[in-house]
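We name chains A, B, ... by the order of the sequence lines, and we start the count at 1 in each one.
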2 protein chains.
Amino acid sequence: MPGLSQGTKLDIVAIRLKQARLAAGLSQRELGIMAGLDPSGASTRMNQYERGKHVPNVAMLAQIGRVLSKPVAYFYTMDDRLAEFLAEYEKLPKSKKDKILEIIR
Amino acid sequence: MPGLSQGTKLDIVAIRLKQARLAAGLSQRELGIMAGLDPSGASTRMNQYERGKHVPNVAMLAQIGRVLSKPVAYFYTMDDRLAEFLAEYEKLPKSKKDKILEIIR
DNA sequence: TGACTAAGGTCTACTTAGTAG
DNA sequence: CTACTAAGTAGACCTTAGTCA
């Protein structure tokens, strides 16, 4: 039985989805509905995404990300610290963004 | 007729693919083959990805990213400066990574 | 060469109906 | 309620066969 702890490259989206949803304190169905899915199929689809059975497309991930305040790239990031960085980046004041971008030069 | 300059949320993958491929000086076919595609269909598929006709799955993007030295998240990032940051992040020494992560606290 | 396209078969996401805790 | 699943339909991708500069 494959657990979530490993995080192979292929199901990183499923892992991040679960992490972010639980952190927001929402059910699979609730999140799906808030992301614009029809209530009749929201539970099933979100569950399929979270279990790695199916992969949401970019538009769907963008809607989910809007609800959870995460950029789409967050769901594709393997490194935990980098993922957290992406989730926080947009909220930073311009001065801090500039400071960060200076470091990579 | 939507051009590449705008960058709508839906074809961001196509835009980043083209940018990264041109920067690497590869043809669509060359990149596809280097990413493990069968030479007979490499040109068509890479062209479809780059034109936004179809979207590559995560495994495909990971292979392309390996060739172009970009993380998968790079191809999903709208903000140009943030995309560039992601492309450079992995190459940074640990000291600089820590410095960046300090700023967001 | 390199970029690009239409069409059809193949594959996968999505919908429906339903189970179990 | 919540999480989860099987099965079939609908829709997306992938392959083939080409065009054009």
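Contact between the side-chain N/O atoms of B/R51 and the OP1/OP2 oxygens of C/dT5 is found at a separation under 4.0 Å. The side chain of B/Y49 contributes an N or O atom lying less than 4.0 Å from OP1 or OP2 of D/dC14. OP1 or OP2 of C/dA13 has not a single side-chain nitrogen or oxygen of A/R45 nearer than 4.0 Å. Considering only side-chain N and O atoms, B/R21 lies nowhere under 4.0 angstrom from the phosphate OP1 or OP2 of C/dG2.
Atoms CE (A/M46) and P (D/dT2) sit 13 Å apart, rounded to a whole Å. The distance between atom CG of A/N47 and atom P of C/dT16, rounded to the nearest whole Å, is 17 Å. Between B/H54 atom NE2 and C/dG8 atom C1' the separation is 11 Å, expressed in whole Å. The distance between atom CD1 of B/I33 and atom C1' of C/dT1, rounded to the nearest whole Å, is 13 Å. Between A/Q28 atom CD and D/dT5 atom P there is a gap of 10 Å when expressed in whole angstrom units. Regarding A/D38, its CG atom lies at a distance of 13 Å from the P atom of C/dA17, rounded to whole Å. Rounding to whole angstrom units, CZ of residue B/R29 and C1' of D/dT15 are separated by 15 Å. In this entry the distance linking CE of B/M60 with P of D/dC14 reads 9 Å, nearest Å.
Checking side-chain atoms of A/S69 against main-chain N and O of A/G65 turns up no donor-acceptor pair under 3.5 Å.
Nearer the 5' end of DNA chain C, as judged by each residue's closest nucleotide, is the contact made by B/E30, out of B/E30 and A/K53. Comparing B/T44 and B/P56 along DNA chain D, the residue whose closest nucleotide (by nearest heavy atom) sits nearer the 5' end is B/P56. Nearest-nucleotide assignment on DNA chain C puts the 5′-proximal partner with B/L22, out of B/L22 and A/N57.
Judged by distance alone with a 3.5 Å cut-off, a donor-acceptor contact links the side chain of A/Q48 to the base of C/dT15.
For A/D11 and A/K18, the salt-bridge test fails: no basic side-chain N is under 4.0 Å from an acidic carboxylate O.
The cluster map of Ile, Leu, Val, Met, Phe, Trp and Tyr, joined by side-chain heavy atoms under 4.5 Å apart, puts B/L86 and A/Y76 in different clusters.
The shortest side-chain heavy-atom distance between B/Y49 and B/F75 does not fall under the 4.5 Å cut-off.
Listed nucleotides: D/dC14, D/dT2, C/dC4. Nearest to the side chain of B/E50: C/dC4.
Residues A/R16 and A/Q19 have side chains that bring a donor and an acceptor to within less than 3.5 angstrom of each other.
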